[in-house]
Protein chains: 2
Amino acid sequence: MERRPELLPLPQLHAFVVLAEELHFGRAADRLGIAQPPLSQQIRRLEDKVGHALFTRSPGRVALSAAGRELLPAARRALTGLTEGLAAARAAGSGRTGHLRIGFAASLALTVLPGLLRTHRERFPQVELDIREMTTAPQLAALRDGTIDVGLLREPPGDDPDLAFRTVLTEPFVAVLPSAHPLAAHRTIALADLADSPFVLLPREAGPGLHDRITSLCATAGFTPRVVQEAVEWQTVCALVETGLGVSLAPAGMRRIRLRGVAFRAVVPDEARTCVAVGWRRGDQGPLTANLLETIRAS
Amino acid sequence: MERRPELLPLPQLHAFVVLAEELHFGRAADRLGIAQPPLSQQIRRLEDKVGHALFTRSPGRVALSAAGRELLPAARRALTGLTEGLAAARAAGSGRTGHLRIGFAASLALTVLPGLLRTHRERFPQVELDIREMTTAPQLAALRDGTIDVGLLREPPGDDPDLAFRTVLTEPFVAVLPSAHPLAAHRTIALADLADSPFVLLPREAGPGLHDRITSLCATAGFTPRVVQEAVEWQTVCALVETGLGVSLAPAGMRRIRLRGVAFRAVVPDEARTCVAVGWRRGDQGPLTANLLETIRAS
DNA sequence: CATTCTGATATCCCTGGGGATATGGAACGG
DNA sequence: CCGTTCCATATCCCCAGGGATATCAGAATG
């Protein structure tokens with residue numbers, strides 16, 4: 001049990017501020033919409049709590065005392081700050097404004113994310129979008145503990161009691177090859193042709209869904225990819241491919257990474273695709289989140 | 001009658017802030033020193049006033065809602081600001097700290113003022129001294145309307161129902177001459193010798209007491225000073241004397257103004273002196289003012 | 001299935017703050 | 001000398017808000 005702070009009732013502070021501006025009990029009471037004696041009481045009560053006079057009442061003239069001068073700015077800030085905070089809270093509750101925290105997979109920074117941010121900013125200019133790059137697993141945790149409101153990730157997990165997901169788009173895989181690689185000469189590649197090449201992939205912890213999708217894809221093609229190096233970002237993966245360390249399989253959106261010495265080639269059995277989804281808390285009733293989901297759905 | 005702002009009771013805001021930190025009704029209630037049901041009520045009441053939920057109560061986990069996130073900083077600022085303001089007001093009321101506004105005649109900036117500021121700062125390091133240069137008449141008005149708490153001026157007016165004065169020091173007059181002036185060759189000067197010289201003086205409105213003192217001094221010496229120029233600051237007066245425009249009579253403290261081409265010479269009938277006084281409001285009971293007067297008295 | 005932990009509900013009590021009206025008293029102005 | 005202005009005081013009323021206790025409902029836990 002902590003020390004309880006002494007609380008100055010806000011009506012008294014309001015009366016104090018108005019009286020400090022008017023320096024006249026009658027007019028101040030008018031502005032406050034109350035009679036004069038109650039105003040005298042308010043000030044007296046406040047002075048009792050402070051322990052010192054806040055005004056000097058010389059006959060005919062009312063003036064702030066030293067204590068009153070020190071209290072006035074704090075009282076003003078508290079009152080205006082609270083009314084503004086109240087308005088901000090209401091606006092946020094009704095969805096007109098506020099902060100929306102969005103987690104996103106790094107692989108989306110070049111594809112869906114920019115358009116989404118632009119569109120939603122057009123629809124709701126007052127809403128600030130706090131975006132933070134994070135891999136799938138941290139996104140799920142952040143969604144659960146409320147650190148983010150919306151997550152953009154690949155390969156959402158199956159049924160979750162707390163979280164809901166909706167597919168935003170699906171895209172095929174492409175092979176990532178060094179330009180010097182023999183297969184880079186072809187426009188399309190059969191997956192089985194990569195069986196003997198070393199692979200560069202994201203670590204499974206970063207996104208189990210996508211990782212499993214890739215390995216199972218290889219399994220159906222009849223081989224297990226031999227991973228020689230892992231990297232947490234696709235940019236890094238491509239850079240490693242460029243050095244000739246190995247090849248990779250990546251979502252087609254990664255073609256946006258234009259890197260000299262790296263070739264992207266379509267994979268012929270393109271029935272297997274990767275899924276980009278948006279996730280949110282099932283319990284989240286906030287209009288801010290709902291509006292963003294609507295923006296995503298419409299785009 | 002102005003629109004009355006909606007007021008969020010501070011106990012509710014305190015409960016809100018603590019709950020936002022704990023995210024657990026039981027622990028928050030403990031910290032607040034109350035039972036859990038009242039806390040639920042506080043939050044509910046606050047949510048009613050805001051019009052939106054401030055927390056999302058998923059079973060087992062409590063988290064801030066969007067509206068709550070917007071309100072939290074305002075609530076924090078208001079609470080801390082008010083406790084600090086309250087402490088500041090109490091400190092000011094008891095004289096430990098605060099702001100003291102001092103008006104002073106420009107002619108004192110080089111003499112009594114620096115020592116006074118230094119001494120008082122040593123006695124009360126926490127008290128901020130706001131000094132502002134102003135002539136006598138504005139000082140009296142500022143004292144009356146509470147714009148300043150203490151005034152340092154020359155030739156205080158006689159009995160005043162609202163204001164009190166105490167003499168700080170008296171000093172003789174000196175003649176201010178251009179170095180080239182024939183009288184500058186003497187160490188002392190008889191006032192009557194200045195009868196034919198043109199005078200540079202402060203305007204009477206700036207300080208009637210001092211002005212009248214000077215003219216009556218001349219009258220007793222048998223002449224009326226012929227004023228050819230007025231200036232509101234002694235620095236300017238000396239500068240004008242230096243150009244040869246005329247001579248002047250100034251308080252001895254003005255000797256501190258070391259200006260090439262200007263000579264200060266004692267006046268032989270030195271029985272007439274000018275008085276530097278400190279003034280304050282009779283009704284001012286504040287310890288800040290009392291402490292400053294004590295500092296002045298002791299120095 | 002019982003237990004525990006969580007928060008919400010339902011009552012009830014009571015203080016005190018905020019309001020009004022009527023009156024007093026000091027200072028100022030004609 | 002009287003009226004006005006202005007603030008303080010004295011009462012009184014009312015109820016919203018803050019508190020407590022007891023109980024309930026839903027999840028998680030073992």
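Here is how names work: the chains are called A, B, and so on, in the same order as the sequence lines, proteins then strands, and each is numbered from 1.
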Closest to the [X] side chain, choosing from [options]:
X       : options                : result
A:Ile34 : C:dT21, C:dG17, C:dG19 : C:dG19
A:Pro38 : C:dA20, D:dA20, C:dT9  : C:dA20
A:Ser40 : C:dA20, D:dT21, D:dA8  : D:dA8
A:Gln42 : C:dG19, C:dG17, D:dG18 : C:dG19

Taking only side-chain N and O atoms of [X], does any of them lie within less than 4.0 angstrom of OP1 or OP2 on [N]?
X       : N      : answer
B:Arg44 : C:dT9  : yes
B:Arg57 : C:dT6  : no
A:Lys49 : C:dG16 : no

Length of the [atom1]-[atom2] vector between [X] and [N], whole Å:
X       : N      : atom1 : atom2 : answer
A:His24 : D:dT4  : NE2   : C1'   : 12 Å
B:His14 : D:dG19 : NE2   : P     : 11 Å
A:Ile43 : D:dT9  : CD1   : P     : 13 Å
A:Gln36 : C:dG24 : CD    : P     : 15 Å
A:Gln41 : C:dT21 : CD    : P     : 13 Å
A:Leu32 : C:dG17 : CG    : P     : 18 Å
B:Phe25 : D:dA25 : CZ    : P     : 19 Å
B:Phe55 : C:dA8  : CZ    : C1'   : 15 Å

Are the charged groups of B:Glu21 and B:Arg31 less than 4.0 angstrom apart, N to O? yes
I'd like to know if the side chain of [X] and the backbone of [Y] have a donor-acceptor N/O pair within less than 3.5 Å.
X        : Y        : answer
B:Arg61  : B:Thr56  : no
A:Arg281 : A:Leu143 : yes
A:Arg101 : A:Arg132 : no
B:Thr136 : B:Leu153 : no

Under 4.0 Å, heavy atoms only, any strand: does A:Pro37 hit a base, just the sugar-phosphate, or nothing? base
